[in-house]
Amino acid sequence: MAFDIHEVLERKGIDVPDHHKEMLAGQMAGFEELRKTVNQEQLKDLDMALTHVPGGEQK
């Protein structure tokens, strides 16, 4: 389920500054690597969501 996060955001009308695009690409690559380690059969009974809070990494 690989996709380009920039295309998804663009389709939704969300403008991402150029200096954030590399960070988003890195995060999505990390999510794809994590996805490979998950047993999909076990996920069928779970209800999970992943949210991103802009600036949430800053204090």
Side-chain angles (χ1 to χ4, degrees):
M1 182 172 153
F3 58 88
D4 184 8
I5 187 63
H6 305 110
E7 291 176 9
V8 172
L9 294 173
E10 190 175 293
R11 279 189 301 233
K12 292 183 178 198
I14 299 172
D15 184 39
V16 178
D18 288 338
H19 62 280
H20 287 173
K21 289 182 179 181
E22 186 175 322
M23 176 193 64
L24 286 173
Q27 287 180 345
M28 290 307 299
F31 294 146
E32 289 298 322
E33 287 299 314
L34 285 173
R35 184 185 311 270
K36 293 176 187 175
T37 67
V38 174
N39 181 341
Q40 297 295 319
E41 287 298 315
Q42 290 179 341
L43 289 181
K44 290 180 180 179
D45 295 330
L46 300 175
D47 185 16
M48 301 186 313
L50 176 65
T51 60
H52 180 72
V53 179
E57 68 281 352
Q58 301 172 0
K59 289 186 177 188

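Being a predicted model, the structure only gives us computed values, none of them experimental.
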Original post:
Which residue pairs pass the salt bridge (Lys or Arg N to Asp or Glu O under 4.0 Å) test when at least one of the two sits in residues 13-26, sequence neighbours left out?
Top reply: D18-K21
Original post:
So how far is it from L24 CG to H19 NE2, rounded to the nearest 0.5 Å?
Top reply: 10.0 Å
Subject >> Approximate separation, where rounding is to 0.5 Å, of M28 CE and R35 CZ >> reply: 7.0 Å
**OP:** Identify, with sequence neighbours excluded, every residue that meets side chain to side chain donor-acceptor pair (under 3.5 Å) alongside E7.
**Re:** none
